[in-house]
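Below is one structure, written out as structure tokens, with a few remarks after it.
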Amino acid sequence: MILSRRSVMGVRGLQGFVGSTCPHICTVVNFKELAEHHRSKHPGCTPTIVVDAMCCLRYWYTPESWICGGQWREYFSALRDFVKTFTAVGIRLIFFFDGTVEQDKRDEWVKRRLKNNREISRIFHYIKSHKEQPGRNMFFIPSGLAIFTRFALKSLGQETLCSLQEADYEVASYGLQNNCLGILGEDTDYLIYDTCPYFSISELCLDSLDTVMLCREKLCESLDISLADLPLLACLLGNDIIPEGMFESFRYKCLSSYTSVKENFDKKGNIILAVADHISKVLRLHQGEKKLEEMLPLGPNKALFYKGVASYLLPGQKSPWFFQKPKGLITLDKEVGSMSSAPESKQEVPMCTDPESKQGVPLCTDPDSKQGIPMCTDAESKQGVPMCTDPESKQGVPMWTNPESKQGVPVCTDPESKQGVPVSTDPDSKQAVPVCIDPGSKEGFLLCTHPESKQGVPMCTHPEFKQGDPVCTHPESTQGDPVCTYPESKQGVPMYAYSEYRQGVPMCTYSESKQGVPMCTHTEFKQKSPLGADPEFKLEAPICTNPGINQEDLVNMEPEIKQQVTMVSDPEILKIARAHHVQAESYLVYNIMSSGEIECSNTLEDALDQALPSQAFVYRPVRQRVYSLLLGGGEDGASTCPTVKEWFVYSGNPLRHPDLVRPLQMNIPGGTPSLKLLWLNQDAGIQARRLDALLGCFDLSSSREELQAVENPFKALCCLLTYLFVQVDTLCLEDLHAFIAQALCLQGKPTVQLIDLQLDYIDARAVQLGSLLVRGLTTLVLVNSACGFPWRMSDFMPWNVFDGKLFHQKYLQSEKGCTVEALVEQNRSRLTKFHALKSVVCKACVRENRRIVSRQHWHSPQPGNRQYEPDHWRRYSSSGWSN
């Protein structure tokens, strides 16, 4: 009954299990009837459905053609029909879009992107072999669909929100807190959340408003578990946070001991039943008496597992599988966390509590506040964290005798192992410092406490300076890796040993992901630069932190403020960026200003076409100037603002770590304006400064007058085409003709005529050009919102300036040598506009030393198969492009 194509989202195997083993939890319902019942039960309350928009994109995209860059007029019409149908029966819709990729789900995001790369490769192979669009089984959503869907829904008067964390959590929270009719989506995580009813978008019949409701209570009955057990089940099966392979051996142990197996059950169904049976018959016997790590093989994955379970707990909810903290005790073990607040709702987000808190916690003196701070037993190693004298009990600390020196060393007692941990007194701070004993040499090594994990890191004494250098222990190898201390910053950086060269390379640790990336040292400048950074600069950039916040302030701050260190320190500007983000009025701006990390999913690009660059590289200089505008703080800001982490998909990028991208200095008449001027100032003439900033991002300030003279909606298109043809030398005059002709002809065509348009064949290069232009339109959204909206967003919405099939038709005609008159369909008015727009683009390109020539100027053995110089499209090495 439930389609399995979306089973990758949410809990592994659960969607297939529901369809094959527990179909009775699926009930056909009618939204009109549900809405009437809701109104009778809650008078004066409008029935509201929360829509997980990201799950619905495939359902909404009904046009037959998807390969050419998107049938945007058709798509907009389909969205309008969807909204009208629900509005007609008095149902209010609230749409949520993913606004960020959380670090816990980055690995899953990367995994899906690499899988998409393989799918795209097969698509282009099919196109080249068959000259036609593949079947729907190879369907790939057009580039930019999620971004432009936000603006389409807003233009249709719908409430559209962009999440500050994982969208499914915000969807489930909104549905629960606002007494909503239900959630519409396609993600089995909604079967796990204890929230309002969950409805399937894939089963929705828009004509009748019938769909399928998936009942979590019936699921629990079938599995003989409670609603509170579902998060535990989800994590043991694997989800977007917990990798499926993490508990694979545990699941098969459950399966081997599960005796109630029916012959017609599939293996995955057996596993889900077996794990649920283990929860109900084994784990529940010790619930509240034993910690989860004592009942499950969590091992080093304990922290991740606790976080995974807690991610399903909505505001105000608790899990019976977590011990609760005794009153009066504060736990600092962030692995097993506490309560934090959701940034947008200001409400508590439940986190699991420290399972060690049943016992008294000793205190350690804070060197700043001189106050006692409770410490916890290390959750992973089960070894005690060194403690100083308890100021309350005034009790002495045990001593340990060094076998070599026969001298006594103070120790603290580990509450689990009952073993003592040696402690040495720091000569500078006069405080006790823990010591680890090397089993081979019997020598003691000082431990420094890692600021994030709160775990001890061994120190290696430098033979020349007699100073301790920390050693980084790899979690899998258990061997100590030396840490390189920078003389400038006095900070330790772990060393990464390359097996090929046997040399140590410093690691650059990302503050969000806590993952290290090898750093290369430029042999000429002796400066450290993360591998994959902008080769033009070879520099390591610091992260901008709020200079007005000190350590004492952090202690007293609200939880959500403590957790977020933003790239921009101005709270007023950050608040505006956040508001635009939440209301889905901007794109990527808040992500850049808050975390300094952005991502862009797959694009239909031919990895084998070396002549056309990836959109990630083409538009990178624009993004670099936007970074300078958003993070630089005005004049000459690019030299001081930090790098931005880009997770952009392109051929050859394994996505093991983000590209670290430097801002580029902007060339704007009158200098780079501040964000306060662009965003807050309403004086006459400010709109002109906003336009200057926008053109400066595209480095087209010299073409301001010509572009300003162009009528809407072609002004933004001419700006984009000029930038494209300046950047990519392999674009020719025939390409320009096709882009302009399709935009002009689109204005006079009804949607039904676009639907009936038939193509002679599909050309792989035209497919990539269509996607390249659409990604340029999304870049315009970013630039326009960053510059304070000098242009109307509607002017570069694709349904107003681009149609995939129409562009493909004009491209094929232009390649065949059709006249301009034929391209504009013998329309004189269009012909006049065509020459005017072409003149603007060509003159602007000449001003940038780029002359657009016909394909006849390319030396090609066959028409349509041009031969290019390697990397001929790279015009600006200073942009920091890299492969």
Side-chain angles (χ1 to χ4, degrees), residues 68-73 76 142-144 147-148 151-152 587 615 618-619 622 691 694-695 697-700 703-728 731-749 754 766 769-785 787 789-811 814 820 823-824 827 829-845 847-848 850 852:
C68 300
Q71 302 310 109
W72 296 97
R73 284 273 183 90
F76 188 88
S143 300
I147 300 163
F148 291 120
F151 293 98
Y587 170 57
Q615 64 88 19
V618 172
Y619 298 113
V622 180
L691 178 58
L694 182 146
L695 295 177
C697 289
F698 287 96
D699 201 23
L700 295 176
S703 301
R704 188 183 195 280
E705 292 185 7
E706 291 87 346
L707 291 171
Q708 270 294 82
V710 178
E711 63 178 299
N712 293 324
F714 306 114
K715 188 180 301 181
L717 180 65
C718 283
C719 173
L720 180 58
L721 289 177
T722 302
Y723 176 82
L724 265 180
F725 279 78
V726 168
Q727 288 294 119
V728 186
L731 295 177
C732 64
L733 196 61
E734 285 75 15
D735 300 328
L736 179 62
H737 288 175
F739 280 127
I740 296 177
Q742 69 86 28
L744 289 170
C745 293
L746 178 63
Q747 308 307 311
K749 290 188 182 295
L754 294 171
L769 285 181
S771 296
L772 183 61
L773 185 83
V774 173
R775 285 299 188 193
L777 295 176
T778 65
T779 304
L780 266 169
V781 175
L782 164 64
V783 175
N784 196 52
S785 50
C787 296
F789 306 97
W791 284 342
R792 299 178 306 179
M793 285 291 194
S794 60
D795 289 343
F796 36 89
M797 292 298 108
W799 46 87
N800 290 328
V801 294
F802 180 79
D803 180 88
K805 278 198 301 183
L806 187 58
F807 166 71
H808 217 92
Q809 181 191 62
K810 301 305 176 185
Y811 177 89
S814 185
V820 172
L823 290 179
V824 297
N827 185 296
S829 175
R830 290 179 195 156
L831 183 62
T832 302
K833 292 180 181 178
F834 178 94
H835 286 299
L837 298 180
K838 175 184 174 182
S839 176
V840 169
V841 175
C842 289
K843 286 181 179 179
C845 287
R847 193 176 287 111
E848 300 296 328
R850 164 73 157 104
I852 306 174

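For reference, positions follow the sequence shown, starting with 1.
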Rounded to the nearest 0.5 Å, what separates atom [atom1] in [X] from atom [atom2] in [Y]?
X      : Y      : atom1 : atom2 : result
Lys805 : His808 : NZ    : NE2   : 11.5 Å
Met797 : Ile147 : CE    : CD1   : 9.5 Å
Asn712 : Asp795 : CG    : CG    : 4.0 Å
Cys745 : Asn827 : SG    : CG    : 7.5 Å
Cys68  : Phe802 : SG    : CZ    : 8.0 Å
Gln615 : Ser143 : CD    : OG    : 7.0 Å

Answer whether the closest heavy-atom distance between the side chains of [X] and [Y] falls below 4.5 Å.
X      : Y      : answer
Phe739 : Val841 : no
Leu724 : Tyr619 : yes
Phe796 : Cys719 : no
Leu691 : Arg704 : yes

Closer than 3.5 angstrom, by distance alone: can the side chain of [X] be matched with the main-chain N or O of [Y] as a donor-acceptor pair?
X      : Y      : result
Ser839 : His835 : no
Asn800 : Ser794 : yes
Arg850 : Phe725 : yes
Arg775 : Val618 : no
Gln747 : Val801 : no

Requested in this report: Mind telling me whether Trp72 and Trp799 have parallel, tilted or perpendicular rings, with 30° and 60° as the class edges?
Outcome: tilted

inquiry  = Run the side chain to side chain contact (heavy atoms under 4.5 Å, CB included) test on Gln742 and Leu823 for me, step by step, so that the C-alpha distance in whole Å, both residues' side-chain angles and the decisive distance to 0.1 Å come before the verdict.
reply    = CA-CA 8 Å; Gln742 69 86 28; Leu823 290 179; over 6 Å; no

Test side chain to side chain contact (heavy atoms under 4.5 Å, CB included), reference Ile740, set Leu837, Asp735, Val820, output is Leu837

Note to self: Does either side chain, that of Lys838 or that of His737, offer a donor lying less than 3.5 Å from an acceptor on the other one?
What the structure shows: yes

Residues Ala716 and Trp791: closest non-hydrogen pair is CA-CZ3, 3.6 Å

task = Check the pair Leu782 / Cys697 against side chain to side chain contact (heavy atoms under 4.5 Å, CB included), numbers first and verdict last.
result = CA-CA 10 Å; Leu782 164 64; Cys697 289; over 6 Å; no

Practice prompt. Just do the side chain to side chain contact (heavy atoms under 4.5 Å, CB included) check on Leu773 and Phe807 with the steps written out, would you?
Written response: CA-CA 11 Å; Leu773 185 83; Phe807 166 71; over 6 Å; no

